[in-house]
Amino acid sequence: MAAQAAAAAQAAAAQAAQAEAAESWYLALLGFAEHFRTSSPPKIRLCVHCLQAVFPFKPPQRIEARTHLQLGSVLYHHTKNSEQARSHLEKAWLISQQIPQFEDVKFEAASLLSELYCQENSVDAAKPLLRKAIQISQQTPYWHCRLLFQLAQLHTLEKDLVSACDLLGVGAEYARVVGSEYTRALFLLSKGMLLLMERKLQEVHPLLTLCGQIVENWQGNPIQKESLRVFFLVLQVTHYLDAGQVKSVKPCLKQLQQCIQTISTLHDDEILPSNPADLFHWLPKEHMCVLVYLVTVMHSMQAGYLEKAQKYTDKALMQLEKLKMLDCSPILSSFQVILLEHIIMCRLVTGHKATALQEISQVCQLCQQSPRLFSNHAAQLHTLLGLYCVSVNCMDNAEAQFTTALRLTNHQELWAFIVTNLASVYIREGNRHQEVLYSLLERINPDHSFPVSSHCLRAAAFYVRGLFSFFQGRYNEAKRFLRETLKMSNAEDLNRLTACSLVLLGHIFYVLGNHRSSPWGWSR
């Protein structure tokens with residue numbers, strides 16, 4: 001018995017020594033790989049060699065799966081060798097599913113692999129992978145929520161907003177069940193954003209009301225709470241701006257600006273949340289700051305505060321340049337393009353045409369770097385070129401650009417904006433396009449069946465009708481349309497439309513010989 005016990009002890013000692021040796025060589029290779037990866041500049045080839053050196057040792061399954069994941073991640077993020085990255089990630093996903101309690105490697109492999117599939121335009125491979133990972137991750141709250149967000153984003157990129165909303169609804173309910181009101185709010189706010197994109201306003205209003213209650217009642221990390229409030233207020237502000245309600249949005253916009261100031265004074269708390277489902281953050285503070293600048297520029301442009309729009313655009317673009325030196329996040333390029341689109345319109349209004357053309361070229365260059373960005377902004381680019389052509393009196397070119405933009409957009413507000421400008425081009429050209437012009441004016445008739453709910457665009461449509469009636473010599477009809485424009489513009493502080501309407505009304509009174517009334521067209 002004593003001999004057997006001694007033999008067993010010797011065997012155990014030998015196994016322990018072998019495990020210790022295995023751990024020592026593995027840790028040494030891992031340490032070298034990390035050293036090369038974090039060198040300045042990174043030595044990725046040497047890092048990959050160190051990780052590949054693990055496999056000849058015939059490591060245990062856990063080490064094998066983790067090493068495949070590490071190799072796949074390094075190759076995916078630091079090289080263009082997507083084939084090898086895919087091979088390693090597929091092996092990591094396959095092996096890790098056979099190992100119990102190995103969730104981090106298993107679900108990170110699934111997440112990265114689906115990203116790579118999408119990058120290779122293999123969306124049909126990414127979807128079932130994510131669905132399976134979601135199905136088997138229900139006991140792991142962080143990964144379950146993260147994978148739901150990822151699949152919802154994939155559907156959103158495919159313009160399948162219904163499926164994306166369904167997934168976000170599932171995520172909100174799951175977060176509620178696991179006791180994470182914070183992540184529940186993130187899911188609901190994300191769903192609200194998509195509903196706004198779909199113009200499902202009857203569903204948006206109760207959802208935003210619920211989100212507001214959750215945000216106010218949640219007691220947790222101050223930065224997380226304020227970031228939820230920023231998300232909530234950004235949705236409210238963009239909703240008002242989409243509706244062209246420039247005056248009504250002011251209280252929400254002021255709250256948003258105060259909120260971002262509060263966040264900038266808070267220090268990042270390194271303490272991790274006790275609930276793993278809370279391990280999410282909407283946007284970094286610096287990105288939120290740029291976003292608030294952006295919505296402020298959007299408001300200033302609609303209200304006609306062009307100097308203010310210029311001021312905040314300059315601030316935002318300066319911040320973006322600093323961020324893009326350290327961060328290649330696609331959202332920064334999206335912010336930059338939208339800011340430039342607004343400042344280009346500002347330049348055209350203030351007569352800085354050459355600068356506007358340079359900035360249009362800059363937008364083209366940014367969009368060429370990303371097929372998705374180009375696809376999303378092609379119609380806006382042609383619209384801006386059309387506006388530039390109008391400013392230099394090249395009406396045939398303007399017509400061509402606006403017509404192209406109409407073919408490229410499914411966005412109702414942008415469609416109405418383009419049609420309004422195209423109608424003004426036809427009005428300026430006289431009798432050349434009478435039939436087409438009548439057809440366009442009927443499609444944006446503000447008296448009935450106006451295609452969008454935007455207060456600003458409807459007021460602009462009244463102005464265009466007034467302009468058309470003026471050129472037709474139907475002055476009383478023109479006055480009626482322009483007074484409607486004034487009423488709507490004054491209600492929401494649409495200063496540029498107010499100014500244009502007053503100038504045209506004054507001209508009508510002058511033509512009619514009513515010189516005394518011309519400076520005060522709104523009073524007659």
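These numbers were taken from a predicted model, which means no experiment stands behind them.
Aromatic ring pairs are classed by plane angle as parallel below 30°, tilted from 30° to 60° and perpendicular above 60°; the pair His88 and His68 is tilted.
Looking at heavy atoms from C-beta onward, Glu181 lies in side-chain contact with Arg184 at the 4.5 angstrom threshold. Contact check for Tyr174 versus Cys145: side-chain heavy atoms found under the 4.5 Å cut-off. By the 4.5 Å heavy-atom criterion applied to side chains, Leu320 and Leu339 are counted as neighbours. The side-chain heavy atoms of Gln101 and Glu103, taken from C-beta on, include a pair separated by under 4.5 Å. The shortest distance between side-chain heavy atoms of Met318 and Lys315 does not fall below 4.5 Å. Residues Ile136 and Lys106 have side chains in contact (heavy-atom distance under 4.5 Å, counting atoms from C-beta outward). When side chains are defined from C-beta on, Val204 does not count as touching Arg199, because their heavy atoms never get closer than 4.5 Å.
The two residues Ser73 and Leu112 come nearest to each other via the heavy atoms CB-CD1, 3.8 Å.
Between Phe107 and His144, a ring centre-to-centre spacing not shorter than 6.0 Å is recorded. Here the two rings, on His382 and Phe402, have centers that are 6.0 Å apart or farther.
Residue-environment remark: NZ (Lys311) stays at or below the threshold of 12 foreign heavy atoms within 6.0 Å. Within 6.0 Å of the NZ atom in Lys254, the count of heavy atoms belonging to other residues, nucleotides or ligands does not exceed 12. Heavy-atom neighbours of Phe280 CZ from other residues, nucleotides or ligands within 6.0 Å: above the threshold of 12. Taking a 6.0 Å sphere around CZ of Arg62, one finds it holds more than 12 heavy atoms contributed by other residues, nucleotides or ligands. Residue Lys43 places its NZ atom among 12 or fewer non-hydrogen atoms of other residues, nucleotides or ligands, all under 6.0 Å distant.
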I'd like to know whether Leu71 forms a side chain to side chain contact (heavy atoms under 4.5 Å, CB included) with Phe55, so could you lay out the CA-CA distance, the side-chain angles of the two residues, the decisive distance to 0.1 Å, and finally the verdict. CA-CA 11 Å; Leu71 271 166; Phe55 299 123; 3.5 Å; yes
Take Asn397 and Gln401, measure what side chain to side chain donor-acceptor pair (under 3.5 Å) needs, and give me the verdict at the end. CA-CA 6 Å; Asn397 292 329; Gln401 293 295 337; over 6 Å; no
May I have the step-by-step check of side chain to side chain contact (heavy atoms under 4.5 Å, CB included) for Leu167 and Lys191, ending in yes or no? CA-CA 9 Å; Leu167 283 164; Lys191 183 178 179 179; over 6 Å; no
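Pairs engaging residues 323-374 under the ring pair (Phe, Tyr, Trp, His ring centres under 6.0 Å) rule: none recorded [sequence neighbours left out]. Every pair passing ring pair (Phe, Tyr, Trp, His ring centres under 6.0 Å) that includes a residue from residues 180-199 is listed here, sequence neighbours excluded: Phe149-Phe187, Tyr182-Trp218.
Between Lys159 and Glu198, no side-chain nitrogen of the basic residue sits less than 4.0 Å from a carboxylate oxygen of the acidic one, so the salt-bridge criterion is not met. Taking the charged nitrogens against the carboxylate oxygens, Arg347 and Glu359 do have a contact shorter than 4.0 Å, which makes a salt bridge. Between Arg37 and Glu34, at least one side-chain nitrogen of the basic residue sits less than 4.0 Å from a carboxylate oxygen of the acidic one, meeting the salt-bridge criterion. By the 4.0 Å N-to-carboxylate-O rule, Glu216 lies close enough to Arg229 to be salt-bridged with it.
Remark: side-chain polar atoms of Thr350 are paired, donor with acceptor, to backbone N or O of Cys346 under 3.5 angstrom. Checking side-chain atoms of Thr409 against main-chain N and O of Leu406 turns up no donor-acceptor pair under 3.5 Å. Side chain of Ser39 to main chain of Pro41: no donor-acceptor pair is present (N/O by atom type, distance under 3.5 Å, no hydrogens or angles). Between the side chain of Ser227 and the main chain of Gln224, a donor-acceptor pair closer than 3.5 Å is present.
Under the side-chain contact (heavy atoms from CB on, under 4.5 Å) test applied with Tyr305, the options Lys308, Gln302, Met301 reduce to a single match, Lys308.
Gln98 and Gln61 share a donor-acceptor pair across their side chains, judged by distance under 3.5 Å alone. Side-chain contact annotation: Asp278 with Ser180, donor-acceptor N/O pair under 3.5 Å present. Between the side chains of Asp104 and Trp143, at least one donor-acceptor pair of N or O atoms lies under 3.5 Å. Judged by distance alone, the side chains of Ser163 and Asp166 never bring a donor and an acceptor atom under 3.5 Å apart.
From Gln150, atom CD reaches atom CG of Leu130 across 5.0 Å, with rounding to the nearest 0.5 Å.
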